[in-house]
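Counting begins at 1 with the first residue of the sequence.
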Amino acid sequence: MFVRSFLLSLFFLVIATPLHAATLAEYTFEDPQKAADFREVIDEMRCLVCQNESLAGSNAELAVDLRNEIFDMMTAGQDKDDIIRFMVARYGDFVLYDPPMKPSTYPLWFGPLILLIIGALVLIRALRKKSVTQETKLSNDEQQRLDTLLKQPSDSKDAQK
């Protein structure tokens with residue numbers, strides 16, 4: 001059973017690898033710098049459908065269209081910065097994996113830290129409230145009994161057991 005599952009997994013792995021590699025093989029440039037820039041741009045851009053994959057890794061239809069558009073823009077002579085500006089103007093900073101620091105992206109940069117601080121404050125407040133609540137739970141009778149027990153010598157406590 002294990003051998004069969006292993007061979008089946010290996011078969012699918014071997015078949016899937018060339019398909020993924022073939023997605024970027026169709027984009028060829030005469031200038032190696034253009035090819036490097038193309039690769040860098042599609043690695044920096046987020047797939048708008050998959051959201052956690054880059055344009056280079058996504059096989060979504062929109063990602064393929066955007067790769068084709070970037071390829072066409074680069075072959076037309078536009079440089080990397082022009083293409084990034086165009087894509088940000090068209091889709092917003094969300095299209096970048098590393099958005100620039102500006103007021104509209106502050107929630108992206110500082111949001112997790114703010115949520116962590118709020119969570120810590122809520123936890124500290126809850127722990128303080130719990131400790132205060134435990135201190136006030138003893139009634140007068142319970143407190144008198146506790147004081148009596150604490151004043152007894154240790155020998156008499158052992159005798160009571």
Side-chain angles (χ1 to χ4, degrees), residues 1-24 36-67 69-70 80-161:
M1 182 71 176
F2 174 74
V3 174
R4 185 174 161 191
S5 298
F6 176 75
L7 290 176
L8 194 58
S9 299
L10 185 64
F11 173 74
F12 285 119
L13 182 66
V14 169
I15 287 179
T17 303
L19 291 175
H20 179 71
T23 58
L24 298 180
D37 288 346
F38 174 74
R39 182 70 188 179
E40 191 174 328
V41 168
I42 63 174
D43 280 338
E44 289 178 9
M45 299 281 172
R46 179 189 317 267
C47 173
L48 298 172
V49 175
C50 306
Q51 299 185 2
N52 285 331
E53 288 188 61
S54 68
L55 287 181
S58 176
N59 286 325
E61 195 172 317
L62 181 60
V64 173
D65 290 343
L66 291 175
R67 276 196 308 259
E69 187 170 341
I70 292 170
K80 182 179 122 184
D81 294 333
D82 291 339
I83 293 170
I84 290 174
R85 274 193 294 272
F86 171 77
M87 296 297 273
V88 168
R90 192 170 186 185
Y91 298 107
D93 291 321
F94 180 75
V95 77
L96 298 173
Y97 266 119
D98 191 18
M101 176 110 39
K102 58 186 184 181
S104 65
T105 60
Y106 285 166
L108 294 174
W109 286 99
F110 301 114
L113 179 64
I114 292 170
L115 288 177
L116 182 67
I117 290 171
I118 290 171
L121 291 174
V122 168
L123 180 66
I124 289 170
R125 186 173 177 179
L127 290 174
R128 281 187 181 173
K129 187 175 181 179
K130 185 178 179 181
S131 68
V132 168
T133 303
Q134 287 178 346
E135 289 176 8
T136 60
K137 279 188 174 183
L138 292 178
S139 65
N140 288 339
D141 293 338
E142 291 170 335
Q143 186 64 43
Q144 284 178 348
R145 185 164 184 255
L146 177 65
D147 291 341
T148 305
L149 289 172
L150 290 175
K151 288 179 184 174
Q152 288 180 350
S154 62
D155 293 340
S156 64
K157 288 181 188 173
D158 293 337
Q160 289 180 350
K161 289 183 182 177

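- S58 OG to N52 CG: the interatomic distance, rounded to the nearest 0.5 Å, is 11.0 Å.
- In this structure the side chain of M87 reaches within 4.5 angstrom of the side chain of L66, judged on heavy atoms.
- Distance check, rounded to the nearest 0.5 Å: CD1 of I83 to CG of D37 gives 8.5 Å.
- Once rounded to the nearest 0.5 Å, the distance linking CZ of R46 with CG of L48 reads 8.5 Å.
- Between R39 and D43 there is a salt bridge, with a side-chain nitrogen of the basic residue lying less than 4.0 Å from a carboxylate oxygen of the acidic one.
- For R90, the salt bridge (Lys or Arg N to Asp or Glu O under 4.0 Å) test picks out E69, with sequence neighbours left out.
- Applying the salt bridge (Lys or Arg N to Asp or Glu O under 4.0 Å) criterion to R145, with sequence neighbours excluded, gives no partner residue.
- The SG atom of C47 lies 11.0 Å from the CD atom of E61; values are rounded to the nearest 0.5 Å.
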Please lay out, stage by stage, how R85 and D82 fare under the test side-chain contact (heavy atoms from CB on, under 4.5 Å). CA-CA 5 Å; R85 274 193 294 272; D82 291 339; 2.6 Å; yes
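- The stretch residues 96-118 participates, sequence neighbours left out, in these side chain to side chain donor-acceptor pair (under 3.5 Å) pairs: D93-K102.
- One distance of note links CD1 of I84 with CD of E44; it measures 4.5 Å at 0.5 Å rounding.
- Between the side chains of D147 and Q143, at least one donor N or O lies within less than 3.5 Å of an accepting N or O.
- The CG atom of N59 lies 6.0 Å from the CZ atom of R67; values are rounded to the nearest 0.5 Å.
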